[in-house]
Amino acid sequence: MIDELTAIEWDASRSSFTHNIDARVKLLLVLLMIVLVVSYPLSWGVIYIAVPFGLIIAGLWTLSTLPVKTYLTRFVMTLPFGFFIIFFQIFFKNSHYQTATEVPLPFPFFPVYYESVEFATLLLIKFLLCISAILLLSSTTPVQELLKAGRRLGLPSVMALSLGMMIRYLFLFATMFTQIHHALQGRNFDPWAKNLPYQYRLKTLGYAMGVLFLRAYEQGERTYSAMLCRGYGSHALDHLQKKPLSQIDLVVFSTLGIAMPAIAAASYLMHG
């Protein structure tokens, strides 16, 4: 866990064309793409925006010089969060359709409907586009730059500070979890070992979880005290220096900011 979190932050701190684009531009473009994809009607016309939007994401990823394997690894890790919800749609009648036609299956234990399969497929396309856009943003923009971008765009300082502390604390929480895991392994404890009593395994895991939360709470108190001693409060991000957009940032923002809504509008008028 800690290795993956560190790898994401390390990749986001590289230097390339995509990395050097202002975080405000990337954040707004990703939000715009997500809004356009989510708000597009559930019809096969979504393919006509999925292809150009996918090409935009692929082009920016190529310009970032990050390996394709990195994208695929993180994509596979995030896929289960939405895939199972989408997959189970095929077993229920969908309210978006007036009819429900069952698919003839050799093992009809659970009914599968044509309309629900179509709905799940369209939903999956939208999900893949949104996840890919978020992966591009997180893999090419450090967390601190995202928080500064949000603050410059009008995000309240308290929210920016809270998000920053939450994200940064994930690294520390992951380190604590790794230490407790190694301590259990050093004592030859295996929660799946059948030769140990079930009650003993459950009790040990409960103790480990309790220790984890207690250590996290204590560390939070120490971190809060250290922040106060250094004058770090809720208004720490109120005095950011003004950062004008470069010409490249303006070109990228104006080009994609006009092209993506135009693609979505043209697709809706022709195939929506």
Side-chain angles (χ1 to χ4, degrees), residues 7-41 45-72 74-75 78 125-157 159-160 163-164 167 237-272:
I8 293 175
E9 193 68 7
W10 177 263
D11 290 337
S13 302
R14 293 187 180 187
S15 179
S16 69
F17 176 82
T18 307
H19 285 81
N20 295 334
I21 297 175
D22 193 275
R24 290 169 291 179
V25 174
K26 288 185 283 188
L27 181 60
L28 289 175
L29 290 177
V30 168
L31 290 177
L32 176 62
M33 180 178 291
I34 293 175
V35 169
L36 291 174
V37 171
V38 172
S39 60
Y40 195 87
V46 72
I47 297 178
Y48 295 95
I49 68 169
V51 173
F53 283 10
L55 291 176
I56 292 173
I57 295 173
L60 291 175
W61 187 274
T62 302
L63 293 174
S64 69
T65 67
L66 292 174
V68 179
K69 182 180 178 181
T70 301
Y71 165 78
L72 294 177
R74 294 171 186 172
F75 181 79
T78 57
I125 293 174
K126 290 189 173 188
F127 173 74
L128 296 181
L129 281 175
C130 294
I131 288 297
S132 298
I134 294 173
L135 287 177
L136 175 66
L137 177 65
S138 62
S139 299
T140 58
T141 313
V143 174
Q144 193 64 24
E145 291 300 319
L146 281 176
L147 294 175
K148 291 180 180 179
R151 186 70 190 99
R152 289 190 174 101
L153 291 173
L155 183 69
S157 181
M159 293 183 62
L163 288 173
I167 295 172
L237 298 176
D238 283 351
H239 306 289
L240 291 176
Q241 296 181 353
K242 293 184 178 180
K243 184 180 179 182
L245 297 177
S246 64
Q247 292 185 352
I248 296 179
D249 295 331
L250 293 173
V251 169
V252 172
F253 182 71
S254 58
T255 302
L256 295 180
I258 295 174
M260 289 193 298
I263 292 172
S267 176
Y268 177 74
L269 294 175
M270 297 175 61
H271 311 281

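- Taking a 6.0 Å sphere around CD1 of I248, one finds it holds 12 or fewer heavy atoms contributed by other residues, nucleotides or ligands.
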**Request:** Check the pair D11 / R74 against salt bridge (Lys or Arg N to Asp or Glu O under 4.0 Å), numbers first and verdict last.
**Result:** CA-CA 12 Å; D11 290 337; R74 294 171 186 172; 2.6 Å; yes
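- Residues S64 and F17 are not in side-chain contact: their nearest non-hydrogen atoms beyond the backbone lie 4.5 Å or more apart.
- Counting only heavy atoms from C-beta outward, the side chains of F53 and S132 never approach each other to under 4.5 Å.
- The environment of F253 atom CZ is sparse: at most 12 non-hydrogen atoms of other residues, nucleotides or ligands sit within 6.0 angstrom.
- Of the possible polar contacts, none joining the S267 side chain to the I263 backbone as a donor-acceptor pair under 3.5 Å is found.
- S15 OG to N20 CG: the interatomic distance, rounded to the nearest 0.5 Å, is 4.0 Å.
- Across all their heavy atoms, A133 and I57 have their closest contact at N-CD1, 3.8 Å.
- In this structure, the side chains of Y71 and S139 stay at 4.5 Å or more apart for every pair of heavy atoms.
- Nearest heavy atoms, T141 versus A23: CG2-CB, 3.7 Å.
- In this structure, the side chains of I49 and V46 come closer than 4.5 Å at one or more pairs of heavy atoms.
- At most 12 non-hydrogen atoms from other residues, nucleotides or ligands lie less than 6.0 angstrom from OH of Y48.
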**Request:** Determine, step by step, whether T18 and W61 satisfy the side-chain contact (heavy atoms from CB on, under 4.5 Å) criterion, reporting the C-alpha distance in whole Å, the side-chain angles of both residues, the deciding distance to 0.1 Å, and the verdict.
**Result:** CA-CA 7 Å; T18 307; W61 187 274; over 6 Å; no
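- Between the side chain of S138 and the main chain of L135, a donor-acceptor pair closer than 3.5 Å is present.
- No side-chain heavy atom of R151 sits less than 4.5 Å from a side-chain heavy atom of K148.
- Residues L32 and P261 form a side-chain contact, since some pair of their non-hydrogen atoms from C-beta on lies under 4.5 Å apart.
- Checking L27, L31, L60 one by one against L137, the side chain to side chain contact (heavy atoms under 4.5 Å, CB included) holds for a single residue, L27.
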**Request:** Test V252 against L29 for side-chain contact (heavy atoms from CB on, under 4.5 Å), laying out the working first.
**Result:** CA-CA 9 Å; V252 172; L29 290 177; 4.1 Å; yes
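- To the nearest 0.5 Å, the span separating CE on M260 from CE on M33 amounts to 4.5 Å.
- Under the 3.5 Å distance criterion, the side-chain polar atoms of T78 are matched with a main-chain donor or acceptor of F75.
- Between T140 and L136 the shortest side-chain heavy-atom distance falls below 4.5 Å.
- Judged by distance alone, the side chains of T65 and R14 never bring a donor and an acceptor atom under 3.5 Å apart.
- Between the CG atom in L28 and the CG atom in D22 there is a gap of 9.5 Å [rounded to 0.5 Å].
- Looking only at distances, a side-chain donor or acceptor of K126 sits under 3.5 Å from a matching main-chain atom of V38.
- Looking at L66 and H19, their side chains come closer than 4.5 Å, going by heavy atoms from C-beta outward.
- Residues D249 and K243 are not paired through a salt bridge, judged by the lack of any N-O separation under 4.0 Å between the basic side chain and the carboxylate.
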